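Okay, structure first, notes after.
All heavy atoms count here, side chains included; hydrogens, waters and symmetry mates do not. In what follows, every chain begins at residue 1, and chains take the letters A, B, ... in the order their sequences are listed. Keep in mind the model is a prediction, meaning the values are calculated, not measured.
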Amino acid sequence: MEKTVEKPLYTNVIMAGFGGQGLMFIGKLLAYSSMKTGKRVTWIPSYGPEMRGGTANCTVVISDEEIGSPVITSPQALVVMNNPSLEVFEPRLQSSGMLFLNSSLITRRVSRKDIEIVKIPANDIAMEIGEKRTANMVMLGAYIARTRVVSKKDIFEGLKELFGKKIRFLDVNMRAFEDGMKYSQH
Amino acid sequence: MEKKFMTGNEAIAEAAIQAGCQHFFGYPITPQSEIPEYMSKRLPEIGGIYLQAESEVAAINMLFGAAGAGVRVMTSSSSPGISLMQEGISYIAGAQLPCVIVNIMRGGPGLGGIQPSQSDYFQATKGGGHGDYHMLVLAPHTVQEAVSLTMEAFDLADTYRNPVMILGDGYMGQMMEPVEFYKTSSPNLPPKDWALTGAKGRSANLVKSLYLDPEALEKHNLEINRKIQKMRKDEVRVENYQTDDAEVIIAAYGTVARICKTAIKVLRDKGIKAGMIRPITVFPFPYNDFEKLADKMRKFLVVEMSLGQMIEDVKLGLCGKAQISFYGRTGGMVPSYDEIVTETEKLVKEVG
Amino acid sequence: MQMDFEKIFERPKTLRPVATHYCPGCGHGIAGRLVAEVIDELNVSERAVGVAPVGCSVLLYNYLEIDMYEAAHGRAPAVATGCKRVRPDLVVFTYQGDGDFASIGIAEAVHAAARGEKISTIFINNAIYGMTGGQMAPTTLIGQKTTTSPIGRTSERAGFPIRMAELLATLDGAAYIARVAVNSPKHIIKARRAVKKAFETQIKGLGYSMVEILSPCPTDWRMTPIEAAKWVEEKMMPYYPLGEFKVPQKEK
């Protein structure tokens, strides 16, 4: 997924996991930060009872041009944080798409051979930081490091605006994001 | 102006406030509860009124009371709740009261489901409640358009003294997009000299829909009908999307129309010249625009999140001049652009 | 020789000089007049708004010289809520029959009271559906014959009549709840006092107020007006005792 100068940006991603893992939040953060750089964006959640404890997912589309469908059948990238999400979304990933999976929790084997797989032990990395709830930011860091949809700086600015005054959480979330970036680069 | 990143539900609520609506009555139901939630926070901050009614039946009658007292007022709900409001909507139309009703549609019939749907099209455009009336029905396809149409809805309601509906689906409500709030200038609106504000310095006003004398009721209904004919003449809104060189036309509204835009891009990449006609007002329906297209094009595909409701209006518009095919998903299933591409290709290959 | 006359009785200003559609001996005419008298006495005709929903109540809007709504069956308390919330300076009341208030609109009635809406309800209890021609009401007494309880209401088939005053008096939002009757001059004087208290409760902002008025319906009871007045006294009052069930605790 290399960015070329001539072609306008168009990308999309589905993020999925347990309700409470913070997938909705990193999806919003990605969309918001991209909006701040002047991109068009859409964010669509799964909604209803599944948000409360079951699986939750959201779809983010980022583009330089008018966005048609906010609903994506075959995404270019997939961020999954638990087994059920991998099971549901793996078949839908585009050929040669990127799969970011949380290897701390996912035990299920990936069967597809036509995709690029990035395994991140997001919960373990988050535990090392001392805040297990930041596993979502580790995953987002990995996604940004590989796709470069927006910069680290853009994400951090978005994070500051979304978190507001809760600065204590800000630092730990920034660290989780950076560790996720670093991990996915080696 | 700075862009805000909001869900369709929140954006509709904020647009209403910026259009001068300071009064909201409603009842929670998925997938529109963010509208009452937003209103319950924002309206008290600006000295407005938010009230959670005991039911949708009560909520719509609170609108009747508030609109009758001459203020801008709104409610929102989703399909089963909108069904409960039909009696009140009929009374509001009969009493010629202006108000805005938002329907963020979910799958039916009955309790149905909570996922997006467009299966309340008949209810919204053909009546729903009893009697000779129509709502003016606006169907946005982006969050930004939801904002501008919501703002306009209040002016239209006041102009016509008629209920106006914003017809969206679950995705329209739940989706987040960047939006800007433009200050719109209101047209010259008629004075609300009919409102119930206390009979001070004037004779008493009466807000009613009861006319026991059939001659009087006929006269009253003809007066309502004159407004509806004026809407048909002056308020039709439609988007023609890449129709100029098209060999096949897709007809869709709301979120589905967006999905169709992506399908059209894919089709054009494959060398099939597809275009779209998108009703923005589903009542009044853009019959004339369909008829104009039918003079040039022969193939139309109607795509809906229902098993075929808008298609009946499309048929009326096309006057039998073109071949029509239909693709619909229902129950909360959303048609994908792949499916729409396949259906369009099928239609193109068929011998007309 | 010139004689001096003092006018001691006149038509209330708020009552229009028109003939009503009520049957001879009906209590609605008296109840409507009491409302008009109280509006005059409290000098609120320029800020009074009435809500008259479906039933014999509905045509009240033809008799009062104030702003009025005609509402859907049972929904008057919701309409009044919408009006009062957006224009708190108005004095808003509903005028409802028993089918309207105690049957189809009981949810709106109970919740308006529970919320403590600053509105007043004049509730006409005549134990029958009047306008539709004498069908059973939620307030129809056990044993009472109507066109839909031809052998008399039985509790086995139709359950028990509802005592709205007692029911609403249990709610914290209700500030003034009374039951009165308009079948005799003595009771009419008391009824007028209750209607006035209800309006005063609203004007002082103390909460919801409701006056239940036991009212004769000679036509649908198949009685003469005198028999009907007696029936209110002898049959209705034992089941629907008169009195104040709730009065404002502390006036703010």
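- For the atom pair CD of A/Glu161 and CZ of B/Phe5, the computed distance is 12.5 Å after rounding to the nearest 0.5 Å.
- Atoms NZ and OH, on B/Lys4 and A/Tyr32 in that order, are 10.0 Å from each other to the nearest 0.5 Å.
- For the atom pair CE of B/Met175 and OG1 of A/Thr59, the computed distance is 11.5 Å after rounding to the nearest 0.5 Å.
- The heavy-atom pair separating A/Pro45 from B/Tyr171 by the smallest distance is O-CE2, 4.2 Å.
- Using a 4.5 Å cut-off between heavy atoms, A/Lys28 touches chain B through backbone and side chain atoms alike.
- Here the straight-line distance linking atom CE of A/Met35 with atom CE of B/Met176 works out to 9.0 Å at 0.5 Å rounding.
- Residues of residues 335-348 of chain B lying under 4.5 angstrom from chain A, judged on non-hydrogen atoms, are B/Ser336, B/Tyr337, B/Asp338 in numerical order.
- A/Val41 approaches B/Glu177 most closely through the heavy-atom pair O-CG, 3.5 Å.
- At most 12 heavy atoms of other shown residues, nucleotides or ligands fall within 6.0 angstrom of atom CZ in A/Arg133.
- Other residues, nucleotides and ligands place more than 12 heavy atoms under 6.0 Å from the CZ atom of B/Phe181.
- When the heavy atoms of residues 253-272 of chain B are compared with those of chain A, the residues falling under 4.5 Å are B/Arg258, B/Ile259, B/Lys261, B/Thr262, listed by number.
- One N or O on the side chain of A/Tyr47 and one on the backbone of B/Ile114 form a donor-acceptor pair closer than 3.5 Å.
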